[in-house]
Amino acid sequence: MYILTTIILSLSLFNIIIASRRTPIIVANWKMNTNLDTSMHIANYLLNNKNSINNDMDVVILPPLPFITNIKNVLDNTNIEIGSQNVYHQSVGPYTGKISVFMLNSIGCKYVLVGHSERRLLCGETDEDINMILKIIHKSNMIPILCIGDTENERDLKIQNEIITIQLTKNLHGLSREEIQKTIIAYEPIWSIGTGISMDPTMAQNMHFYIRNWISSRYGYSVGNNIRLLYGGSVKSTNSKELFKCEDIDGFLIGTSSLYPDEFMDIINSSVKLNKVN
Ligand code: PGA
């Protein structure tokens, strides 16, 4: 009887551990950089180095829209997935220049970035727009990577948690628990993006812990425990290891460094943590 109880207990503990493992994910956001030649150069470098990418991790490339199909063709037989940097919240119609989820689905995109601070600031995307975009991405069975972040001024005023709470509340409004758990959230301190100065790992961990706790308290422990949280902002091979050690950071959203394929591969290889279990 004692042995049987011990076996059952160990099995359920094993199940809990397996169930709560979060797969690390590294996302490359090429933004409005590269041309077809340089895009293909990076993609071919990744193809030639695909065997060094750990199977227990997700790697996603977000090329500029005109090159998505080219890049996808190069990386088709690898475990590197392709996504879009943007999508519109309407699915079809007279919206000149906009991109729909149907278009992205039809060319094999699996992920879509939404709410990047550059789109919030430069393109005027509001929290309400972002909420509508998140909903249509989920409806179309792609995976959204939602960016949230605070400015230097907001941090100086010590209101960063309030700012993040407002973004989370408005952006995730009306999503089901399943949709929220499937959403990947990238926290990016805006002052750090593209500056070469990344956030101190302890500060980054504090913010990711805050976000995970907020999700848990609102949507339940399991959703909070399983949702994947990324850090973004001047990630390089020289700081990725320390940042990745943080308990609540499950990967990175990378801009500049993703344009240097050897640097990008170094970050991928320094971010393997098979036992990211809470
Ligand atoms: P960065 O960009 O890595 O160049 O700081 C990050 C981002 O904008 O997602």
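Both ligands and their constituent atoms are indexed starting at 1 by order of listing.
Donor-acceptor pairing under 3.5 Å is lacking for the side chains of N213 and S216. T126 and D129 form a side-chain donor-acceptor contact under 3.5 Å, judged by distance and modelled atom types alone. No side-chain donor from either of Q167 and D127 sits under 3.5 Å from a side-chain acceptor of the other.
Residue S234 places at least one N or O, backbone or side chain, under 3.5 Å from an N or O of ligand 1. Here's the thing with T256: one of its N/O atoms is less than 3.5 angstrom from an N/O atom of ligand 1. For ligand 1, the polar-atom distance check finds no N/O of T195 at less than 3.5 Å from any of the ligand's N/O atoms.
For ligand 1 and G233, the ligand atoms under 4.0 Å from any heavy atom of the residue are 5 (O). Of all the atoms in ligand 1, the ones that sit under 4.0 Å from a non-hydrogen atom of L253 are 9 (O). Every atom of ligand 1 with a heavy atom of H116 under 4.0 Å away is listed here by number and element: 7 (C), 8 (O), 9 (O).
Remark: D58 engages R228 in a salt bridge, criterion side-chain N to carboxylate O under 4.0 Å. Classification of R155 and E152 as a salt-bridged pair fails, no side-chain N sitting under 4.0 Å from a carboxylate O.
In this comparison of Q85, K31, K236, E118, the heavy atom closest to atom 8 (O) of ligand 1 sits on K31.
Here the protein heavy atom with the shortest distance to atom 7 (C) of ligand 1 is E188 OE2, 3.1 Å. The protein atom (non-hydrogen) at minimum distance from atom 3 (O) of ligand 1 is G255 N, 2.9 Å.
For G194, the heavy-atom gap to ligand 1 drops under 4.0 angstrom.
Within 6.0 Å of OH on Y45 lie more than 12 heavy atoms contributed by other residues, nucleotides or ligands.
Classification of the Y231-H208 ring pair by plane angle, with boundaries at 30° and 60°, yields tilted.
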